[in-house]
Amino acid sequence: MPPILPFCGEPLCRPNAHRLLVLFRIHSLHLSFNSAPIPQANTDLPSLISILVINHSPTAASGGAGASDGDAETLALALSSSFSILSLSPAIVDSVLKRLWNDGPRALLFFRALLLLPGFSHAPSSFDHALDIAARLRDRRSIHLLLSDRRRAGLPLSHRTFAILAERFAAAGKPDSAVRLFLSLHHHGCRQDTNSFNILLDVLCKTRRVRKAASLFRSLNGRFRADAVTYNILADGWCRVKRTAAALDVLKEMVDSGLEPTLTTHNILLKGFFRSGQVNEGWDFFLQMKRRGKKDDSCCRPDVISYTTVVHGLGLAGQTEKARKVFDEMIAHGCLPSVATYNALIQVLCKKNEIHSALKVFDEMLSRGYTPNVTTYNVVIRGLCHAGEMERAMGFMEAMRSEGSEPTVQTYNLVIRHWCEEGEMEKGLDLLGKMKDEARCLPNLDTYNVLISAMFVRRRPEDMLVAGRMVVEMVEKGYLPRKFMFNKVLNGLLVTGNQCFAREILRMQERFTRMRRNIRL
DNA sequence: CTAGGGTTAG
């Protein structure tokens with residue numbers, strides 16, 4: 001791209017809108033003489049943009065430390081010369097950010113590049129996506145930059161933003177940061193109320209920090225009036241750590257405080273019993289719900305979620321016949337199964353190695369006019385892989401694409417894993433290539449872990465090189481391999497090393513040490 | 001994205 005050349009030669013300096021404007025003019029002048037690649041009207045715009053971003057940003061690959069401002073500038077140029085700013089609507093930007101989800105550094109680079117376009121401003125939802133990605137990368141610098149950019153744009157923190165950040169903090173082992181953020185919400189222009197309090201409790205409970213949630217609830221209950229949602233969140237928290245007795249206590253406390261348990265409350269407990277292996281208690285609870293529901297007690301009458309919970313719970317406990325009976329019974333009771341109910345039944349049959357009955361249920365749901373979703377395909381494909389029917393699994397993968405649900409990263413990962421287990425590394429690597437092709441579905445940490453581990457079973461020198469390249473690639477995307485993975489790959493490279501690869505091995509080794517230094521920061 | 005049901009292996 002010639003117009004960018006004089007620009008690249010300059011020392012890097014802070015992006016500057018005026019300078020960019022001048023460069024835009026030079027750039028578009030040049031393009032008017034060449035035929036610029038114009039996206040087809042019927043091609044997927046987010047996909048085109050993602051491909052451009054991925055093929056651009058050369059120095060994002062320079063060691064995991066993140067890209068420089070200069071990268072954002074050149075990307076901004078490339079974007080503005082290929083796409084009209086008007087076409088970069090919030091919906092399109094969000095969709096690109098989602099597509100680049102598994103390549104965090106480049107997603108953030110894209111976000112930053114757009115900020116440099118004159119007259120462009122990000123929507124709150126785009127800020128949320130970018131914050132989510134930065135927080136997942138544990139990139140404090142980007143988080144703070146994004147927050148100050150957001151403040152400068154006059155956009156206060158929303159509850160959604162708070163939920164995202166709190167969730168990431170809790171997931172990173174810093175639940176206290178989530179609590180602190182909650183306590184400082186008013187500084188960010190976000191209301192501290194029962195809603196945001198519930199979000200905080202929910203985040204803590206979902207990361208199994210129920211005790212912390214419960215004590216916070218006790219100490220702050222005076223300031224935020226608890227509602228039914230608050231109690232449901234806490235009950236679910238106890239259920240998640242398999243403490244159904246404590247969940248029942250919450251239920252009692254709820255009633256004592258004058259709040260009526262809802263159908264959601266009952267479904268939470270129902271699920272809790274099955275989750276903690278109390279199958280009989282779960283079944284009795286379900287019967288009780290049905291009995292009380294008959295007396296026109298609508299907060300107890302099982303709904304489609306209750307039935308799905310029971311079908312799944314019984315099935316996982318090995319009682320697939322009883323599960324099937326409940327499934328048939330729900331229709332008789334005037335409650336139609338949902339796609340999730342079918343998914344539960346199919347999964348449960350697959351787990352019992354009854355793949356043929358599972359496929360019969362799949363056909364049954366088609367004939368009843370249901371449209372399978374991604375989860376349906378994933379459970380069926382998993383079942384087939386587990387039964388060693390790899391070719392049929394691949395067939396379903398094709399089928400899901402032609403039916404309009406693109407395989408997800410989970411689909412790819414599970415099929416790749418099974419190909420590798422069968423010793424067919426090439427088929428696994430083929431699928432990796434297919435994922436990256438057209439930025440269809442970017443590989444994640446699991447993908448790399450599965451494939452890199454698989455590269456060791458054949459003890460081939462060339463496999464070690466592939467493993468080495470994948471480690472480099474995953475670090476570039478912001479994923480940290482475990483220490484033993486690094487060592488394993490390095491050892492593999494050295495042990496199998498021959499003259500031919502020696503230089504590459506050496507370069508790689510230096511690169512790894514540089515990366516590790518960067519990672520430590 | 002304020003709560004409940006389907007995708008994860010050993």
Side-chain angles (χ1 to χ4, degrees), chain A residues 124-125 128-129 131-132 157-168 190-191 193-203 205-206 224 226-237 239-240 247 250 254 259 261-272 274-275 286 289 299 302-313 315-316 326 330 335 337-351 358 361-362 365 370 372-383 385-386 400 405 407-415 417-418 421 444-446 449-450 453:
Chain A
S125 61
D128 286 343
H129 281 299
L131 272 168
D132 203 356
L157 275 202
S158 65
H159 279 177
R160 185 171 186 255
T161 322
F162 169 59
I164 289 169
L165 289 176
E167 189 184 321
R168 291 299 169 193
C190 184
R191 283 194 54 174
D193 51 14
T194 301
N195 295 350
S196 44
F197 186 49
N198 284 345
I199 293 172
L200 176 67
L201 294 183
D202 191 42
V203 161
C205 286
K206 294 250 161 72
F224 308 103
D227 59 9
V229 177
T230 318
Y231 285 103
N232 286 346
I233 287 169
L234 286 172
D236 189 49
C239 286
R240 274 170 198 273
V250 173
M254 181 177 185
L259 285 167
T262 64
L263 183 52
T264 301
T265 319
H266 288 92
N267 285 338
I268 287 168
L269 275 149
L270 188 60
K271 170 87 184 167
F274 285 110
R275 184 159 29 199
F286 177 59
M289 284 173 72
C299 82
D303 66 354
V304 58
I305 293 179
S306 327
Y307 278 106
T308 305
T309 305
V310 173
V311 167
H312 195 230
L316 287 186
V326 172
M330 70 186 283
C335 180
S338 65
V339 173
T341 321
Y342 276 100
N343 295 348
L345 187 58
I346 291 172
Q347 193 219 127
V348 138
L349 290 170
C350 288
K351 287 234 156 122
V361 174
F362 181 82
M365 85 182 268
Y370 287 87
N373 61 19
V374 178
T375 307
T376 321
Y377 283 107
N378 285 350
V379 291
V380 168
I381 291 172
R382 176 170 298 113
C385 287
H386 197 70
M400 71 189 287
S405 21
T408 64
V409 68
Q410 287 91 342
T411 323
Y412 282 104
N413 288 352
L414 82 93
V415 178
R417 175 182 297 121
H418 277 92
E421 279 172 9
N444 67 8
L445 182 62
D446 288 338
N449 280 338
V450 167
S453 307

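Note on naming: letters A, B, ... go to the chains in the order of the sequence lines (proteins, then strands), and numbering restarts at 1 for each one.
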Before accepting this row, confirm whether a basic side-chain N of the pair A/Arg160/A/Asp132 lies closer than 4.0 Å to the acidic partner's carboxylate O. no
Looking only at N and O atoms, is any donor in the side chain of A/Asn378 or the base of B/dG6 less than 3.5 Å from an acceptor on the other one? no
Take atom CZ of A/Arg275 and atom P of B/dG6, then tell me their distance rounded to the nearest Å. 8 Å
Which part of the nucleic acid, if any, lies within reach of A/Val310 when heavy atoms closer than 4.0 Å are counted: base, sugar-phosphate only, or nothing? nothing
Against the side chain of A/Asn198, the closest entry in B/dG6, B/dT2, B/dG5 is B/dT2
Would you mind reading off the distance between A/Lys351 atom NZ and B/dA9 atom P, rounded to a whole angstrom? 5 Å
Mind checking if A/Ser338 touches a base, just sugar-phosphate, or nothing, with heavy atoms under 4.0 Å? base
Can you tell me if the side-chain N/O atoms of A/Lys206 get under 4.0 Å from OP1 or OP2 in B/dT2? no
May I ask you to check whether A/Thr194 and A/Asp227 show a side-chain donor-acceptor distance below 3.5 Å? no
For the base of B/dG4, is there a side-chain donor-acceptor partner from A/Thr309 under 3.5 Å away? no
What nucleotide, of B/dA3, B/dG6, B/dG4, holds the atom closest to the side chain of A/Leu263? B/dG4
Phosphate contact (B/dG5 OP1 or OP2) by A/His312 side-chain N/O below 4.0 Å: no
For A/Thr341, report the nucleic acid contact type (base, sugar-phosphate, nothing); a contact means any heavy atom under 4.0 Å. base
Within the structure shown, what part of the strands sits under 4.0 Å from A/Asp446 by heavy-atom distance: base, sugar-phosphate, or nothing? nothing
Starting from P on B/dG4, measure out to CG on A/Asp202 and report it in whole angstrom. 6 Å
Can you tell me if A/Arg382 touches the phosphate of B/dT8, counting only side-chain N or O atoms and a distance under 4.0 Å to OP1 or OP2? yes
Under 4.0 angstrom, heavy atoms only, what part of the nucleic acid is A/Asp303 near: base, sugar-phosphate, or nothing? base
Shortest side-chain distance from A/Asp236, nucleotide among B/dG4, B/dG6, B/dT2: B/dG4
Touch class at under 4.0 angstrom, heavy-atom based, for A/Leu345 against every strand present: nothing
Of B/dT2, B/dA3, B/dG6, the nucleotide closest to the side chain of A/Asp227 is B/dT2
Is it the case that the side chains of A/Ser196 and A/Asp193 hold a donor-acceptor pair, with the cut-off being a distance below 3.5 Å and no angle test? yes
Atom CD1 of A/Ile346 and atom P of B/dG5: how far apart are they, to the nearest Å? 19 Å
Look at the side-chain N and O atoms of A/Lys271 and state whether any lies under 4.0 Å from the OP1 or OP2 oxygen of B/dA3. no
Distance, P atom - from B/dC1 to B/dG5, rounded to whole angstrom: 14 Å
Go through B/dT2, B/dA3, B/dG5 for me and flag the one nearest to the A/Thr308 side chain. B/dG5
So, is B/dG6 syn or anti if syn means the angle is within 90° of 0? syn
Those residues that, when tested against A/Glu167, pass side-chain hydrogen bond (donor to acceptor under 3.5 Å, both in side chains) (two or more places apart): none
Within the supplied structure, the quantity of interest is the number of heavy atoms (other residues, nucleotides, ligands) at a distance under 6.0 Å from A/His386 NE2; does it exceed 12? no
About how many Å separate OG1 of A/Thr408 and CG of A/Asn378, when rounded to the nearest 0.5 Å? 4.5 Å
In whole angstroms, the gap separating C1' of B/dC1 from CD1 of A/Ile233 amounts to 11 Å
Nearest 0.5 Å, what's the CE-OH distance between A/Met289 and A/Tyr307? 9.5 Å
Gap between atoms CG and P, on A/Leu414 and B/dG10 respectively (whole Å): 13 Å
Whole-Å distance between B/dG4 C1' and A/Asn267 CG? 5 Å
Figure out the NE2/P separation between A/His159 and B/dA3, and round it to whole Å. 13 Å
